[in-house]
Structures are given as structure tokens and as C-alpha cells.
Amino acid sequence: MLDDPAAELDAAAWARVFQEAADLGVLQVHLSGGEPAARRDLVDIVASAHGAGLYSNLITSAIGLNERRMLALRDAGLDHVQLSLQDADAGSADHIAGYAGGHERKIAFAGIVTGLGLALTINLVVHRANIDRVEAMIDLAASLRAGRIEIAHAQYYGWALRNRSELMPTRDQVDRAIQVVEERRRGLVIDMVVPDYYARRPKACVGGWGRRSLNVTPSGRVLPCHAAETIPQLEFWSVRDYPLEKIWLESPAFQAFRGTDWMPEPCRSCALKESDFGGCRCQAMALAGDASATDPACELSPFHGRMRELASADAGAPIGAYVYRGR
Ligand code: SF4
Ligand code: FES
């Protein structure tokens with residue numbers, strides 16, 4: 001959920017949150033959005049993350065960032081930049097992003113990032129409109145001197161769920177793309193998130209609920225994952241009201257699905273429950289209507305067949321118009 005800009009935490013509040021996070025043992029901060037570059041005080045925010053000893057990663061669309069501003073961010077202690085590309089074909093990339101000229105701008109921005117000596121990850125978001133060009137997308141990312149390439153098949157919660165019938169690839173397309181990635185892994189650092197709708201077992205979403213990471217929204221609500229607000233019954237505490245440690249240890253949202261006691265069958269008696277933690281709570285909410293259900297990506301879930309049916313129905317539909325956040 002996007003916050004009203006007037007309700008966002010100021011730079012001093014972010015500095016306190018970063019210090020509290022570092023005191024809790026957090027090592028990295030990922031500055032995301034919306035678009036973090038929309039904050040005029042982004043340099044101060046990065047400086048306070050650096051001052052707290054956190055490794056900082058700026059996740060950006062490149063809008064609002066020129067070389068002068070990137071230099072200031074680097075000098076403030078920024079460690080890493082993550083940039084997503086929508087396609088290798090500029091016309092298609094601009095169409096997917098809904099932003100004319102955006103692709104060209106991102107290519108130029110990648111050059112600024114590496115020219116300043118900052119580490120760069122290129123995130124390739126893969127779906128039906130671009131999956132057949134995944135090899136060209138990898139070539140493009142490699143040519144931009146990305147130290148790491150992330151192939152992220154769209155995951156269907158939040159806005160991607162609203163666009164699922166436009167985004168879902170076919171099973172054959174996914175299999176071919178996985179093969180291409182495996183072949184291109186030699187000599188390149190490529191991470192891949194495969195699409196849940198064609199999986200047999202779920203991923204350990206966010207490394208397990210309330211185990212390894214937390215999200216702080218621009219206005220200060222603390223979430224166990226970026227999509228947790230899609231689960232209606234959860235109560236989120238704010239860093240405006242409580243120290244981060246208390247929120248992490250005691251807030252209802254973090255307690256709701258931490259550990260394994262909350263699990264129903266078949267997860268409760270499954271040997272994999274300490275490996276995948278029952279999968280993704282937001283996906284269970286979206287497809288089973290119950291955030292405590294077994295993730296439908298698991299073939300032991302009673303909703304798994306339904307998930308497969310949805311995937312093939314959506315993948316067979318013509319691609320229509322995308323629905324964009326905030327437009
Ligand atoms: Fe994971 Fe639950 Fe499926 Fe077992 S039953 S593999 S714990 S999602
Ligand atoms: Fe929320 Fe997976 S996205 S638990």
C-alpha cells in the first residue's frame with residue numbers, strides 16, 4: 001500500500017529506525033518504494049543507514065537520479081544499486097513499464113552506477129510478454145556490467161495479482177526460460193525465482209515469517225513481508241509508537257505466523273515445515289482465502305489443482321491492458 005507522502009517518516013525518524021535495526025542485528029537495508037529517489041532527503045537517509053553500519057541497497061527505477069545525485073549518494077555511503085529492466089526490446093520495455101523513454105534512461109543510468117564504482121544488480125522481471133526474450137535480457141544485463149542478475153518471475157500477490165491474466169506465461173515458456181538460464185549461468189552470477197503457479201513445492205517466502213527480515217513502510221508501519229497488508233486480520237504496529245525490537249518480538253502481525261505452531265495439516269506433520277515454513281502467507285490469503293492455509297503452490301494443498309487451472313486459463317488468454325499502481 002502506498003502511503004500519503006505527507007505521512008512519511010522524516011529523515012531523523014529513519015535514522016533512529018536504522019540504529020534500532022542495527023542494534024537488533026540487522027545487516028542490510030533495502031531502500032524501496034514507490035520510488036525512493038522521490039525523497040529529497042535521500043542522501044541524508046542513506047548517510048544515516050551507513051552511519052548505523054548497515055549495507056545499503058537502493059532499489060530504483062532510475063527516475064529522479066542523475067550523475068550528480070548518484071555521486072552524492074555514493075559519497076554518503078551507498079553500497080549497491082538494484083535496477084529492474086522490463087525487456088531487451090526498448091518498445092516493449094516502455095510499454096510494460098507504461099513510461100515512454102524509460103528503458104533508454106535505465107540503460108544510461110546503469111552506466112552511471114558502474115562508472116561510480118557502485119555494485120549493480122539488474123533485476124529482470126519475467127512474464128508472458130517478455131519471457132521468450134529472456135536470453136536477450138540476460139545479454140543486455142551482462143553488457144551493462146551487472147555484478148549479479150536476478151531473474152524474477154512475477155509472483156502473484158498485490159499488483160501482479162490484479163494483472164495475472166496479462167502476465168502469466170505458459171508452462172512451456174517457463175520450462176524453456178529455466179533451461180536458458182541454466183545454460184547462461186556459466187560465467188555469470190544469476191539468481192532465479194521460479195513461478196509458484198508451476199511449482200510442486202512452495203518457496204520459503206521471506207525466509208520464514210518473522211525469522212529473518214522486516215519491512216518498514218514509508219509512514220512507519222512494520223510488516224513481516226512487503227505484501228502483508230493484503231492479509232486483512234493482521235494488526236501492524238508503527239515505529240512511531242514502539243521501538244523496533246518490541247515490534248519484532250511482540251507485535252501481533254509478527255507473532256501470527258512465526259514458527260510452526262500456527263500450522264494446519266498437512267504442514268503440521270510435514271518433514272519440510274522447518275525448510276519452507278509452509279510457503280507464502282499472502283499467496284494462501286489470495287488463493288485459499290485463508291492466510292493460515294498451506295500455500296497452494298504445494299502439491300499437498302487442497303487448492304493446488306485450482307492454482308494450476310488458474311495458471312493455464314490465464315496463460316491462454318490474450319494479453320490486455322495492464323493495471324498500474326497509482327494511475
Ligand atoms: Fe511445505 Fe506444508 Fe507443503 Fe510440507 S505440506 S511441503 S510444510 S507447504
Ligand atoms: Fe507475504 Fe510471501 S509475500 S508471506
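Since we're looking at a predicted model, the values are computed, not measured. For ligands, and for the atoms within them, numbers begin at 1 and follow the listed sequence.
- Taken together through direct or relayed side-chain contacts under 4.5 Å among Ile, Leu, Val, Met, Phe, Trp and Tyr, Ile107 and Ile112 form part of one hydrophobic cluster.
- Residue, atom and distance of the protein heavy atom nearest to atom 6 (S) of ligand 1 are Asp276 OD2, 3.3 Å.
- Heavy atoms from both the backbone and the side chain of Cys267 come within less than 4.0 Å of ligand 1.
- Among the atoms of Cys282, an N, O or S atom falls under 2.8 Å from atom 1 (Fe) of ligand 2.
- Arg268 and Glu265 are not joined by a salt bridge, as no carboxylate oxygen comes within less than 4.0 angstrom of a charged side-chain nitrogen.
- Looking only at protein heavy atoms, the nearest one to atom 4 (Fe) of ligand 1 is Cys270 SG, 2.3 Å.
- Atom 1 (Fe) of ligand 2 lies at 2.8 Å or more from every N, O or S atom belonging to His226.
- Within ligand 2, the atoms closer than 4.0 Å to a non-hydrogen atom of Arg281 are 4 (S), numbered from 1 in the order shown.
- Heavy-atom contacts of Cys280 reach the following atoms of ligand 2: 2 (Fe), 3 (S), 4 (S) (cutoff under 4.0 Å).
- Atom numbering of ligand 2 starts at 1 in the shown order; those under 4.0 Å from a heavy atom of Cys205 are 2 (Fe), 3 (S), 4 (S).
- A 4.5 Å side-chain heavy-atom check between Asp87 and His95 finds every atom pair outside the cut-off.
- Between Val180 and the options Val134, Ile151, Ile131, a side-chain contact (heavy atoms from CB on, under 4.5 Å) holds for only Val134.
- Summarising the geometry of Val125 relative to Met137, their closest heavy-atom pair is O-CE, 4.2 Å, with the distance given to 0.1 Å.
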**Request:** Report the C-alpha distance between Cys225 and Cys282 in whole Å, list the side-chain angles of each, state the deciding distance to 0.1 Å, and finish with yes or no for side chain to side chain contact (heavy atoms under 4.5 Å, CB included).
**Result:** CA-CA 9 Å; Cys225 75; Cys282 301; 3.4 Å; yes
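- Residue-ligand proximity, Leu300 to ligand 1, at heavy-atom distances under 4.0 Å covers atoms 5 (S).
- Side-chain contact between Asp175 and Tyr198: absent, with no pair of heavy atoms (C-beta onward) separated by less than 4.5 Å.
- Contact atoms of ligand 1 toward Cys298: 3 (Fe), 5 (S), 6 (S), 8 (S) (distance under 4.0 Å to a heavy atom of the residue).
- Not a single heavy atom of Asp295 sits under 4.0 Å from any atom of ligand 1.
- Looking at Ser301 against ligand 1, nothing comes within 4.0 Å, counting heavy atoms.
- Using a 4.5 Å cut-off on side-chain heavy atoms (C-beta onward), Ile45 and Leu31 make contact.
- Heavy-atom proximity to Cys225, at under 4.0 Å, picks out these atoms of ligand 2: 1 (Fe), 3 (S), 4 (S).
- Counting heavy atoms closer than 4.0 Å to ligand 1, residue Arg201 contributes side-chain atoms (C-beta onward) but none from N, CA, C or O.
- Look at Asp132 and Arg176 and you find a salt bridge, because one of the NZ, NE, NH1 or NH2 atoms lies within 4.0 Å of a carboxylate O, short of that distance.
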